Asks: 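Following this message is one structure expressed as structure tokens.
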Amino acid sequence: GAVVSQHPSRVICKSGTSVKIECRSLDFQATTMFWYRQFPKQSLMLMATSNEGSKATYEQGVEKDKFLINHASLTLSTLTVTSAHPEDSSFYICSATSRGISPYEQYFGPGTRLTVT
Amino acid sequence: SQKIEQNSEALNIQEGKTATLTCNYTNYSPAYLQWYRQDPGRGPVFLLLIRENEKEKRKERLKVTFDTTLKQSLFHITASQPADSATYLCALDPRGGGADGLTFGKGTHLIIQP
């Protein structure tokens, strides 16, 4: 149980285009979803926190107009990287929590590798 | 500023021995501390959570300790196996309510040699 999926797993796009990444909780309703970014040999860095039907809360230094988050339902959150540039190339990982299962444990998706050329 | 440090980038252990990983933190008063495993190109997988009022937590071959005075957690894998080779991440949930994102250390890459 408590499976989180992400789509796509890998994406290559040209500089200046936008890319959408989906995060789904497959067998539970997510109270909250989180988006993280991980650069090579670095730790996961929290980008934003998202609750269904609410505006996302972004961490300091993360541009909300560049990284658009939509949390339309209790099982789906999307991250759109707008006007992507090579420095946005990274591993993007979402996670979800569910108070119905455990309020503390986060269930992570498999990640999306974004490469901007 | 808040900081989480894991003792080394890489740790080589012989199969069958106990691997011990360290996580130190500063300028935090976490309600919980968590350990995750991450394999290359994959998302982290939850292993153990320990609360501030718990000294030790065990799960099969895994053991975690939490010393809030030293601001340190130790993560042990006993009878280590090559399949335990992965990066292990320490993570803090400062308020412990599950509503906040986690702050992660850089991780320790553990290699268990046959």
Side-chain angles (χ1 to χ4, degrees), chain A residues 1-6 9-10 21 23-25 30-51 54 56-62 69 77 90-115, chain B residues 1-10 21 23-25 28 30-54 57 59 62 64 66 86-110:
Chain A
V3 177
V4 175
S5 71
Q6 279 185 243
S9 58
R10 290 178 180 273
I21 302 169
C23 175
R24 293 181 185 273
S25 57
T31 310
T32 305
M33 286 183 165
F34 304 92
W35 287 95
Y36 295 84
R37 180 167 54 180
Q38 187 177 32
F39 293 105
K41 297 190 183 296
Q42 299 295 313
S43 62
L44 279 80
M45 297 296 294
L46 179 67
M47 299 175 66
T49 301
S50 171
N51 291 291
S54 303
T57 302
Y58 290 81
E59 295 299 301
Q60 194 171 15
V62 178
I69 292 172
S77 177
S90 187
F91 193 47
Y92 291 86
I93 310 173
C94 71
S95 72
T97 59
S98 171
R99 293 193 181 276
I101 304 174
S102 163
Y104 317 116
E105 182 179 332
Q106 292 195 14
Y107 306 100
F108 284 83
T112 297
R113 174 75 60 191
L114 170 63
T115 303
Chain B
S1 62
Q2 296 174 326
K3 193 186 281 189
I4 301 174
E5 289 184 347
Q6 295 190 240
N7 58 324
S8 57
E9 284 193 17
L21 285 63
C23 174
N24 295 291
Y25 59 92
Y28 276 106
Y32 301 87
L33 187 143
Q34 302 182 35
W35 284 88
Y36 287 79
R37 169 180 172 144
Q38 186 176 26
D39 289 286
R42 308 292 295 174
V45 174
F46 173 79
L47 295 175
L48 279 168
L49 177 153
I50 188 165
R51 302 178 186 187
E52 60 180 341
N53 61 351
E54 296 176 319
K57 184 74 77 74
K59 180 182 174 183
L62 309 180
V64 172
F66 193 14
T87 296
Y88 291 86
L89 305 170
C90 161
L92 288 177
D93 178 3
R95 294 196 291 185
D100 298 326
L102 296 173
T103 302
F104 284 87
K106 275 191 181 181
T108 296
H109 182 45
L110 177 65

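Everything quoted here is computed from the prediction, not taken from an experiment. Chain identifiers are assigned alphabetically (A, B, ...) following the order of the sequence lines, protein sequences preceding nucleic acid strands; residue numbering begins at 1 within each chain.
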Asks: What option among A:Tyr36, A:Trp35, A:Phe108, A:Phe91 has the most heavy-atom pairs under 4.5 Å with chain B?
Replies: A:Phe108
Asks: Taking CD in B:Glu9 as the centre, count heavy atoms belonging to other residues, nucleotides or ligands within less than 6.0 Å. Is the count above 12?
Replies: no
Asks: Please report the closest heavy-atom contact between A:Thr49 and B:Gly101, naming both atoms and the distance.
Replies: OG1-N, 4.3 Å
Asks: Walk me through it: do A:Gln38 and B:Gln38 pass the test side-chain hydrogen bond (donor to acceptor under 3.5 Å, both in side chains)?
Replies: CA-CA 12 Å; A:Gln38 187 177 32; B:Gln38 186 176 26; 3.0 Å; yes
Asks: Please list, chain by chain and in numerical order, all residues satisfying salt bridge (charged side-chain N to carboxylate O under 4.0 Å, His left out) with B:Lys106, sequence neighbours excluded.
Replies: none
Asks: Taking all atoms of both residues into account, what is the closest heavy-atom pair of A:Ser43 and B:Gly105, and its distance?
Replies: CB-O, 3.0 Å
Asks: So for A:Ile93, is it side chain, backbone, both, or neither that comes closer than 4.5 Å to the heavy atoms of chain B?
Replies: side chain
Asks: Quick one: side-chain hydrogen bond (donor to acceptor under 3.5 Å, both in side chains) partners of B:Tyr25, sequence neighbours excluded?
Replies: none
Asks: Run the side chain to side chain contact (heavy atoms under 4.5 Å, CB included) test on A:Phe34 and B:Leu102 for me, step by step, so that the C-alpha distance in whole Å, both residues' side-chain angles and the decisive distance to 0.1 Å come before the verdict.
Replies: CA-CA 9 Å; A:Phe34 304 92; B:Leu102 296 173; over 6 Å; no
